[in-house]
Amino acid sequence: MRSRAFLWLKAAYSRALIRIYATYTDPLWLVVNVGGPLLTSLALAMLYRFAGLTQYSGFAVLGGGMMAFWGNVLWSMASQLNWDKRSGMLYLYISSPAPLTAILIGMSLGGIVGTLPSSLIVITLGVVLFKPQFSPPSLALAAAFILTLVALYGMGIALSSLYLITGREAEEVNEAIFEPVSFLSGLYFPSIGRGSPFPLALQAIASLIPLTIGMDTLRRVVFYGQDLPNVWLNLLVLALMAVLSIFAGTRLLSIIEMRGRMTGDLLVRIK
Amino acid sequence: MDRVVTENLGRVFESKSGPVIALKSVNLRVRAGEVFGLLGPNGAGKTTLIRILTTLLLPTSGSAYVEGYDVVKEAKKVREIVGFVSSSEKVGFDFATARLNLWFFSQLYGVPRRVAMERIEALAEALHFKDQLDRRLYTFTTGYRQRLNIARAFIHDPHVVFLDEPTNGMDVMSAKTVRELLVHEAKTKLRTIFIATHNMFEAEEICDRVAIIDNGEILALDAPERLKSRLSDRVVLLETSTARIDLEEVLSVRGVRGGTLKVDGESGRARIRLVLNDETGLSHVIRLLESRNVKIFLHEFIEPTLEDVFVSLVGRGFAERESEDEK
Amino acid sequence: MRGLLSSIILGLERELRWTYPPLAVAIGVIPITASILTAVMVFWIGSGSAGNTSSYWISYIIVGAALYAHFSSYIWAPLSAVTEGKATYTFPYVYIAGSTITYIVGRTIAAFIESSLTALASLVAASYAVRGLLGVDLMIMSGATSLALFTLSTAIGMFAAIGLGLLLAAYGIFVTRLEWGLPIYIAGLLMIFTEALFPSSSLPWPLPLVSEAMPFTHIIRAARAALIGPQESYPLFAAQAFATGIAWLVSGIAVYKLAEERGRRKGYIDQRIV
């Protein structure tokens, strides 16, 4: 039992380290990762300013910071196992005693640590240029941020299992869902709750996405000055979503692995 | 002690055109410290067998055991003690150094860091890429990548290592280095080396025993020398004036078991290699060729190879079998 | 001509994802519509929501965002023609055949065609979605004249597209890794400088000058004049789009030829992407 836990930790740690190494030893990765979120958040912050309510430019800045993580979840988490399948890495994972969940959790942790600099750069530049008003850091902010990331990356784990079933279409699915999810989840504007332009039905659908709840919680804490007593329900929902998506993802992964062993179609690379 | 055991192992794949039998009732026993070769053309079932033994694929009938563990029911235990190398040389993280790549793979097996580092140095030394350890993988040539791939398979001190065409695409010196390592690991550390190949020279050079496989069936299993000795004085080489020869017609001659034909592009001559049932087969063949106005420049009995053994069992060489499958 | 046609056909196969064309179309329209709607919602909320229904500006944003999406879609094609071509060793063969400019132009035109169609479809879809979600009556004209002028403004954009495509292809000859970095920045800068979402006068001086130098700014202005009005401004904007587009085309050809010659000297033509 102890050695299984130890193996789990080693596998997760080593996979996280590989991901962190990729980002931190090559500055060009940082430059590339910053581009999209930074320029999008600048453009939308300028649009808020042009529209008249400059104080809302903070929404765009926050959205840009979180877009870095959302992009990482989709392109480096969800698609990863599919790419590993094509490159032949997946068979190495499966033929080793390390659990696939450990590898996925390691990827998530590595992804979070690796994306943090990009997110901080986007937010810092946005704050310097647009000077939005925001509440000072608090326990509620830390909890909101951490749980949003956990829920988001949990979604990534669930998606990575689903993507194993698809073939080359994984990238196409990414391209198809990135913007719609950004829109529905209110990455740059409130899509649920106070100020949302959506009808209730659409808000309900949007609330099924972890990122929606996360963005709403972060906005309430950062811009509306709300604290733990106001957002505890959101935090609870985020925690539940994280647990559910990780559980669903790992269950699906076991089923896919077993099915792949039965049909032989999981391992494309082997002759 | 038998490290790898298969009992009536079978595997059927479902395809749009109907079921495909990849393995038919395979029975094998491979010992500790043995270098065991699985020789056959592409599509013979070599990779399917290895995939089952490395727990990547489930059998549809029969059973298989690695060090006594059932590959179906005790897959996790099997995974702890096997290593696997395929010829997919693109495996690994391009942006990371060779050392970091090997360390990562060692962690999937829970190898302590200090031990992992020592093994990385030792394996890199044995495979002659120690000076490349701190270079990023994307700078590696194909040969070096495959050496790293092989080192990876040994990093966790496995009891059994399965290799699927490991020297495919490698230059002569690299392949030689790899073969030397495999033999060394088998003989000094009593690892079982299970190698699937269609490289006859490799099979003859390093394998203690070879199983010849075709169409999912084991056709013969013995030491290479004993397999070849069954055909002594029965393999003949003919060199003819023209390549316009109907090989099928030649192979249908009484006394001929099988054969291959190769054409010399420059001279236009053909070299026919035949496996005979007995010496009379040669005279029948010569009579046939002369009746077709084919001049025979040379005919001599030669030392048989493992491909000749294959030909004697199947009637065709590897290349002809593979092109039959393509049709 | 044959080379150009075959490159366009190949490019269309590639842009339509070579698996299932309806999927390709859906993939193109859905994200663009979502990004248009995001911009509209940002403006809607930033202008004080329901009490400030500005039909003109919302129409302004829809047209601009759709065209921006069109630009940012096709800029990937010429770069990937070179980088993917190097990875599969296709590009060196095209180079030896002496057809690289034809090949790149063909691939760019193919992407241009595909992105024009998806951008137009997205403009229509977003218009309906905005009407449904916000209850705003848009000022977008859909008469034959408007559509014809809009199509013409998009077609004029082909020169700028090819020019930019050749500049990116020149970059593609030398880049050895993380090749998608530059197009991401270019797409972001296009969003800010081409009046896609807001007038360039909102930018601090002297940044509006950058906008004026871009053909894409004038294309968007011409398209807006066609669909929202005033159509009297259309000839001026179209002429500016044409003139700047030609300037970019000529620059693109010159830069690409220089890049190819240098790439050949330095051994980059067949150097693979990592």
Side-chain angles (χ1 to χ4, degrees), chain A residues 26 28-57 59-60 63-64 71 75 129 166-169 171-191 194-199 202, chain C residues 17-20 23-24 26-50 52 54 57 61 65 68-69 73 129-130 132-135 177-193 196-199 201-204:
Chain A
D26 191 351
L28 199 56
W29 264 110
L30 185 61
V31 172
V32 168
N33 285 341
V34 158
L38 177 65
L39 292 168
T40 306
S41 84
L42 288 182
L44 292 175
M46 279 191 258
L47 182 58
Y48 269 120
R49 179 187 272 180
F50 170 72
L53 290 173
T54 307
Q55 63 267 34
Y56 284 1
S57 59
F59 290 173
W75 290 101
L129 288 170
T166 67
R168 292 180 183 276
E169 289 82 18
E171 279 100 7
E172 278 80 28
V173 173
N174 275 355
E175 284 180 28
I177 72 173
F178 184 78
E179 288 291 351
V181 169
S182 302
F183 168 70
L184 277 176
S185 62
L187 206 52
Y188 300 102
F189 62 90
S191 63
R194 191 193 336 182
S196 167
F198 288 175
L202 194 55
Chain C
R17 266 74 176 182
W18 35 259
T19 48
Y20 191 49
L23 175 71
I27 283 165
V29 171
I30 292 170
I32 294 174
T33 307
S35 62
I36 296 171
L37 291 175
T38 296
V40 167
M41 294 303 164
V42 165
F43 178 81
W44 175 263
I45 287 166
S47 63
S49 307
N52 205 358
S54 178
W57 287 111
I61 289 167
Y68 159 74
S73 289
V130 165
L133 278 173
L134 303 178
R177 58 200 182 86
L178 302 175
E179 65 276 14
W180 62 88
L182 185 61
I184 287 177
Y185 275 88
I186 289 177
L189 292 170
L190 287 176
M191 203 193 313
I192 293 172
F193 287 104
L197 304 180
F198 46 81
S201 52
S202 310
L203 298 168

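These figures come from a predicted structure and were not determined experimentally. All chains are named by letter (A, B, ...) in the order of the sequence lines, taking the proteins before the strands, and each is independently numbered beginning at 1.
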Just so I understand: if I count every heavy-atom pair under 4.5 Å between each of [options] and chain C, which residue has the most?
options	value
Ser57(A), Gly36(A), Pro180(A)	Pro180(A)
Pro197(A), Pro199(A), Gly52(A)	Pro197(A)
Leu47(A), Ile177(A), Val32(A)	Leu47(A)

**Message:** Between Phe50(A) and Trp57(C), is the side chain to side chain contact (heavy atoms under 4.5 Å, CB included) condition met? List the steps.
**Reply:** CA-CA 11 Å; Phe50(A) 170 72; Trp57(C) 287 111; 3.5 Å; yes
[X], part contacting chain C, at a heavy-atom distance under 4.5 Å:
X	result
Tyr188(A)	both
Leu38(A)	neither
Asp26(A)	side chain
Val31(A)	both
Tyr48(A)	both

**Message:** Side chains of Leu44(A) and Leu197(C), heavy atoms from C-beta outward: is any pair under 4.5 Å?
**Reply:** yes
**Item:** Backbone of Pro37(A) reached by a side-chain donor or acceptor of Thr40(A) within 3.5 Å
**Value:** no
**Request:** Keeping the roles fixed (side chain from Ser191(A), backbone from Leu184(A)), state whether a donor-acceptor pair exists under 3.5 Å.
**Result:** yes
**Tyr68(C) to Ala196(C) - nearest heavy-atom pair and separation** = CB-CB, 3.7 Å
**Item:** Derivation of the side chain to side chain contact (heavy atoms under 4.5 Å, CB included) call for Met191(C) and Leu42(A)
**Value:** CA-CA 10 Å; Met191(C) 203 193 313; Leu42(A) 288 182; over 6 Å; no
